[in-house]
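Before I ask anything, here is the structure I am working with.
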Amino acid sequence: MIRSEILRDIAPVISDHLVVCNIGLPSQELHMIDDQPSNFYMLGTMGLSSSIGLGLALAQGKKVISIDGDGSVLTNFGTLPTIANNVADNYILLIIDNGSYGSTGDQPTYAGRKTSLAAVATACGCENVVECRAEDTRAALETALAGDRMTIIVAKCESGNIKVPVITMDPVVIRDRFMKTVQA
Amino acid sequence: MSINTKIVDDLVANDVAFVTTVPCKQLAGVIDEIEQRDEIYHIPANKEDEGMGLCAGAFMGGKRPAIIMQNTAIGVTVNTLVTLTQFYRMPLPMLISFRGELKEPVACQVEMAVHTKALLNQLHIPTYHFHKQSDADELDAILKYTFMCNKPVAILTDATFWGGY
Ligand SMILES: [Mg+2]
């Protein structure tokens, strides 16, 4: 399974929740598969999906799912101790770990080699870290959403991309409709 | 009233409820004061761009954010300021210790100080420079301005403002 297949699989599970989606292909794929006003698409700023999602979860009560990638977590590694030490039980961080920088041509990341993001998250103090196979991502998300406990899911999948159009929606429109969903 | 209390009172009076900080010796008193206030959720960040991500999320969640950091962070956060805070039109008051100004003991700090205003100017970030303690009388108006226009706004506070090192 590649990332876009995971996104297709989990789309019905996340469509009613606030989703902050990582820059590049993940946002473009989610936008193509199931565009929702409850999706905040990052058009730039690699690495900050988990931080934006945590800030959002701490500021209000609705459940928040940050969809991140292995490369993006590696570029903002400081996020994991911050998450661990600022527990928001309405927050789920889903790291889709394909062991590569997908949006830039599938160059390998260190997460695909010796570095275990689940082990790093645990070492940083995150208390509820789940590593799963791509096929089990949907079930892991359903379990996390059913519970009221902050959860970090590391879904291990194959690298690979599909053809997707870029998102041409204006960022202020993305932000405005997202905030209206948050407030609704 | 201490300057730290005055600054945090202004933040609270303007409904700032989520503050992320990367420490600086000069800002230690403000950070202590923020930590003590029930009205503010204080979340230390490991890097300033991470802090700006947290602030973006908090803003979309309905809480007014602010970031406290050193001017060296302007070098770290150019991409985040441009592609997140400005691109999505989000407000962000940035209370910044302006290291490398008069009375600075550490030469290396000057290297970033000479670029600080030029970078902020290049980024079209409204910038205020607190040099005397009375300059902080404008903080309330600066905060109102920031949340009126939905922009990042810089408040540079130098060593003379803080009373030296
Ligand atoms: Mg990847």
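Per chain, numbering begins at 1; letters A, B, ... match sequence-line order.
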Original post:
Judged by atom type as modelled, is there a donor-acceptor pair below 3.5 Å linking the side chain of Tyr88(B) to the main-chain atoms of Leu43(A)?
Top reply: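 Side chain of Tyr88(B) to backbone of Leu43(A): a pair is present.
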Subject >> Within one Ile-Leu-Val-Met-Phe-Trp-Tyr cluster: Ile40(B) and Leu54(A), side-chain cutoff 4.5 Å >> reply: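 Ile40(B) does not cluster with Leu54(A).
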Subject >> Hydrophobic cluster identity match, Val64(A) and Met150(A), side-chain contacts under 4.5 Å >> reply: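 Same cluster: Val64(A) reaches Met150(A) through Ile, Leu, Val, Met, Phe, Trp or Tyr contacts under 4.5 Å.
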**OP:** Would you please say whether a donor-acceptor pair under 3.5 Å links the side chains of Thr83(B) and Thr45(A)?
**Re:**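 There is such a pair between these side chains.
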Original post:
Of the non-hydrogen atoms in Ser51(A) and Glu50(B), which two are nearest, and what is the gap between them?
Top reply: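 That would be OG-CG, 3.4 Å.
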Original post:
Is it the backbone or the side chain of Pro44(B) that comes under 4.5 Å from a heavy atom of chain A, or both, or neither?
Top reply: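 Backbone only.
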Subject >> Pairwise side-chain contact, Ile43(B) with Asn85(A), heavy-atom cut-off 4.5 Å (strictly under) >> reply: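 A side-chain contact is absent here, since even the closest heavy-atom pair is not under 4.5 Å.
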Subject >> same_hphob_cluster(Met148(B), Leu95(B)) at 4.5 Å side-chain heavy-atom cutoff >> reply: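 Met148(B) and Leu95(B): one cluster.
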**OP:** State, with a plain yes or no, whether a side-chain heavy atom of Asn86(A) is found less than 4.5 Å away from one of Tyr41(B).
**Re:**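 Contact flag for Asn86(A)/Tyr41(B) side chains = yes.
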Original post:
Would one find more than 12 heavy atoms of other residues, nucleotides or ligands at under 6.0 Å from atom CZ of Arg8(A)?
Top reply: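 Counting other residues, nucleotides and ligands, CZ of Arg8(A) stays at 12 neighbours or fewer.
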Subject >> Option in Pro171(A), Pro81(A), Gly78(A) with maximal non-hydrogen atom pairs under 4.5 Å from chain B >> reply: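 Most heavy-atom pairs under 4.5 Å with chain B: Pro171(A).
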**OP:** Decide yes or no for Thr82(A) and Leu54(B): does some side-chain heavy atom of the first lie under 4.5 Å from some side-chain heavy atom of the second?
**Re:**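 Side chain of Thr82(A) against side chain of Leu54(B), heavy atoms only: contact under 4.5 Å found.
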**OP:** Write down the atom of Val182(A), the atom of Gly61(B), and the distance for their closest heavy-atom approach.
**Re:**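 Taking Val182(A) first and Gly61(B) second, the nearest heavy atoms are CG1-CA, 4.1 Å.
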**OP:** Identify which part of Phe40(A) has an atom lying under 4.5 Å from any heavy atom of chain B, answering side chain, backbone, both or neither.
**Re:**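 Just the side chain, heavy atoms under 4.5 Å.
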Original post:
Is it true that Leu93(A) and Leu117(A) fall in one hydrophobic cluster, defined by side-chain heavy atoms closer than 4.5 Å?
Top reply: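 Same hydrophobic cluster.
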Subject >> Shared hydrophobic cluster for Val8(B) and Ile96(B) (ILVMFWY, side-chain gaps under 4.5 Å) >> reply: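 Per the 4.5 Å side-chain linkage, Val8(B) and Ile96(B) are not co-clustered.
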Subject >> Heavy-atom pair count under 4.5 Å with chain A, highest-scoring of Arg89(B), Lys63(B), Met60(B) >> reply: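 Top count of heavy-atom pairs under 4.5 Å with chain A: Met60(B).
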Original post:
Is atom NZ of Lys156(A) surrounded by more than 12 heavy atoms (other residues, nucleotides or ligands) closer than 6.0 Å?
Top reply: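 Yes, enclosed.
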Subject >> chain B contact via Asn76(A) - which portion, at a heavy-atom distance below 4.5 Å >> reply: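 Just its side chain gets close to chain B.
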Subject >> Crowding at CD, Gln133(B) (>12 non-hydrogen neighbours, <6.0 Å) >> reply: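 Buried by this count: over 12 neighbours within 6.0 Å.
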Subject >> Region of Phe18(B) that comes under 4.5 Å of a non-hydrogen atom in chain A >> reply: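 For Phe18(B), the contact with chain A is made by the side chain alone.
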Original post:
Above 12 or not: heavy atoms from other molecules or residues under 6.0 Å from NZ of Lys144(B)?
Top reply: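 For Lys144(B), atom NZ is crowded (more than 12 foreign heavy atoms under 6.0 Å).
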Original post:
Can you tell me how far the CE atom of Met42(A) sits from the CG atom of Leu84(B), to the nearest 0.5 Å?
Top reply: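 Going from CE on Met42(A) over to CG on Leu84(B), the span is 6.0 Å.
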Subject >> Nearest atoms (heavy-atom pairs only) where Met90(B) meets Arg175(A) >> reply: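 Heavy atoms only, the tightest pair is CE-CG, 4.0 Å.
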